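These numbers come from a predicted model, not from an experiment.
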Amino acid sequence: MKDKISQVRDYLLDRIESGEFPAGHPIPSARKLGETVDASFAMILQAVNALAGAGILHCVSRQGSVVRPDWKERLMPNHFVVFNARLPWVAGFRVLLEKRLPALRFCTEFQNGMFEIRTTIPLQMRRNEYLDLAPFFREVFPDRSLFFESPFRSFLEPDGSIRGIPFIFSPRVMFCNPRLLAEAGIEMPSEEWTLEDFLQILRRMAKNIPKENLLNYSAGPFFWMNFVFRSGGMLIDPFAENPVRIDSPETVRGIESLRKLRNVVSADLPGLCWQKEFCEGRMPFVLAERELLCTLRAKGMNDWNVLPLPRIPGGVNRMAQATDLICVRKECVDREQILEFLRFMLSEEVQDYIAEEKYGIPIRKSSAQKSIDLADPRDILFLTEMNSMSAEYNLDSPELMELIQNGVARIINDDSLPLKESLEDLAHAVRLFLEIKNATAKTA
């Protein structure tokens, strides 16, 4: 049970997040707050002062306490943040969190929390902001056999540290709408289909479906890395004498495939509009992970099928691993709370709940077994594709990752740029970056 001051603080935070107390506006007076939450004047003042000290409220002469415009950027010691608080599984998870870890407060609008669930790219871009969780994980779970091992590999640093513990994971596959294919007179493709097969199908469907509704095409690395991998390419090979592989023939082939695809479909739909379009039966193809099943169930959509991602001749069967990761910020100094947090997030109770919601593949093996429906061929595909996952776009530093992401996206989307030469220029910039970084490290 939270103490009264914490209850007052959470009452204020809940209404700030809901917009009832908007940025730039004063909160109610201490007297009114005391009447609403049944707390003493002294308790109200302590709660308000705590929020002012955290940078969420600002005391203004003759106006009282005003909500700061930048309150969403502030970090509170007990805040828990999920990268998308509106996902269908979150409501039930929140009930479990409030029951088992009442000291933590689930946030809906704050950008950062002391405890977080992040996806791969945001974690890798900001890895230096997070604690090494390896020693905490070993202490709580000395038996690693309880969990799938392979999803961890790409997040382990050379020194054995790990900034994010996998919560769920999934291979990426191609979801499709069989009804839309049938209406276009197109048979369901085989699991051996190729990129050219896919492009031909898209061209046929473009006669009746707007280009932006053909596929959830994106310039984000979570999308284009799949085609680089399937071409046999990669960005950085840390074990090679020449580690930069951006201009390798295989990577060039992958980027060329993406250009071909982009010229058939249209650019990104804003936000997650593609989910709505697919769930309502207006989009024939979606490149996504098993996490989408949770949304499909919530929307009552069962007219879907799945295929492996189309093969690229001369390439390999690999795709980008999707992972949601448990993270703790370096500012957290409560060791026992970290241990309790990991124990809760990886518990059978939480992992079984995630399994029931069909949100990805739980990292806990026993929970994953409860989630996969072995009688459904659509679900079995996620099992068969698990061994082909890779998260090897875990790059050397946030700055390097941003350089490569922006450079590749520009090359894909601008046909006026000569493909091979542009990738060579980007590779040269990356090599120069690494040379300067390594030279700086040696002289430090």
Please check: side-chain N/O of [X] versus main-chain N/O of [Y], any donor-acceptor pairing under 3.5 Å?
| X | Y | result |
| --- | --- | --- |
| Asn305 | Cys176 | no |
| Thr251 | Gly233 | no |
| Ser388 | Asn317 | yes |
| Arg127 | Arg163 | no |
| Ser367 | Ile363 | no |
| Arg253 | Ser231 | yes |
| Thr323 | Leu325 | no |
| Gln351 | Phe167 | yes |

Are a donor atom and an acceptor atom from the side chains of [X] and [Y] found within less than 3.5 Å of each other?
| X | Y | answer |
| --- | --- | --- |
| Ser422 | Arg410 | no |
| Asn413 | Arg259 | no |
| Glu212 | Tyr217 | no |
| Glu192 | Ser190 | no |

Arg318 charged N/C atom sitting above Phe229 aromatic ring, 6.0 Å / 45°: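 Pair Arg318/Phe229 counts as cation-pi.
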Distance under 6.0 Å and angle within 45° of ring axis: Arg378 vs Trp304: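 Yes, Arg378 and Trp304 form such a contact.
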In the structure I gave you, are the side-chain heavy atoms of [X] and [Y] within less than 4.5 Å of one another anywhere?
| X | Y | result |
| --- | --- | --- |
| Lys260 | Val264 | no |
| Asn213 | Arg282 | yes |
| His79 | Asn112 | no |
| Phe175 | Leu307 | no |
| Asn78 | Met114 | no |
| Ile165 | Phe147 | no |
| Glu250 | Arg245 | yes |
| Met174 | Phe198 | yes |

Pairing of Asp247 and Lys420 as salt bridge, 4.0 angstrom limit: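 Salt bridge absent between Asp247 and Lys420.
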Test: Glu17 and Lys72 ion pair at under 4.0 Å: no
From CA spacing to verdict: side chain to side chain donor-acceptor pair (under 3.5 Å), Asn242, Arg431: CA-CA 9 Å; Asn242 178 11; Arg431 291 185 182 103; 3.2 Å; yes
Glu129, CD atom: more than 12 neighbouring heavy atoms under 6.0 Å: yes
Derivation of the side chain to side chain donor-acceptor pair (under 3.5 Å) call for Arg86 and Thr108: CA-CA 8 Å; Arg86 292 164 181 79; Thr108 58; 5.5 Å; no
Spatial distance of atom [atom1] ([X]) from atom [atom2] ([Y]) [nearest 0.5 Å]:
| X | Y | atom1 | atom2 | result |
| --- | --- | --- | --- | --- |
| Met401 | Ile121 | CE | CD1 | 5.0 Å |
| Asp324 | Leu123 | CG | CG | 11.0 Å |
| Leu296 | Glu291 | CG | CD | 12.0 Å |

Sub-6.0 Å ring centroid separation between Phe227 and Phe223: yes
Validation row, ring centre Phe93 to ring centre Tyr353 under 6.0 Å: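 They do not qualify: ring centres at least 6.0 Å apart.
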Worked check of side chain to side chain donor-acceptor pair (under 3.5 Å) between Glu349 and Ser347: CA-CA 5 Å; Glu349 182 179 28; Ser347 66; 4.9 Å; no
Evaluation steps, side-chain contact (heavy atoms from CB on, under 4.5 Å), between Arg68 and Glu73: CA-CA 10 Å; Arg68 292 178 61 109; Glu73 302 170 14; over 6 Å; no
Working for side-chain contact (heavy atoms from CB on, under 4.5 Å), residues Lys358 and Trp89: CA-CA 9 Å; Lys358 303 289 185 183; Trp89 61 271; over 6 Å; no
Residues Glu280, Lys299; criterion salt bridge (Lys or Arg N to Asp or Glu O under 4.0 Å); working and verdict: CA-CA 8 Å; Glu280 295 181 0; Lys299 299 291 186 182; over 6 Å; no
Salt bridge (Lys or Arg N to Asp or Glu O under 4.0 Å) assessment of Arg364 paired with Asp352: CA-CA 9 Å; Arg364 196 178 186 108; Asp352 283 357; over 6 Å; no
Those residues that, when tested against Arg144, pass salt bridge (Lys or Arg N to Asp or Glu O under 4.0 Å) (two or more places apart):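 Partners of Arg144 by the salt bridge (Lys or Arg N to Asp or Glu O under 4.0 Å) criterion, ordered by chain and then number, come out as Glu149.
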Ring pair (Phe, Tyr, Trp, His ring centres under 6.0 Å), paired with Phe115, selected from Phe80, Phe341, Phe344: Phe341
Trace of the salt bridge (Lys or Arg N to Asp or Glu O under 4.0 Å) decision for Arg311 with Asp197: CA-CA 9 Å; Arg311 296 182 182 273; Asp197 296 330; over 6 Å; no
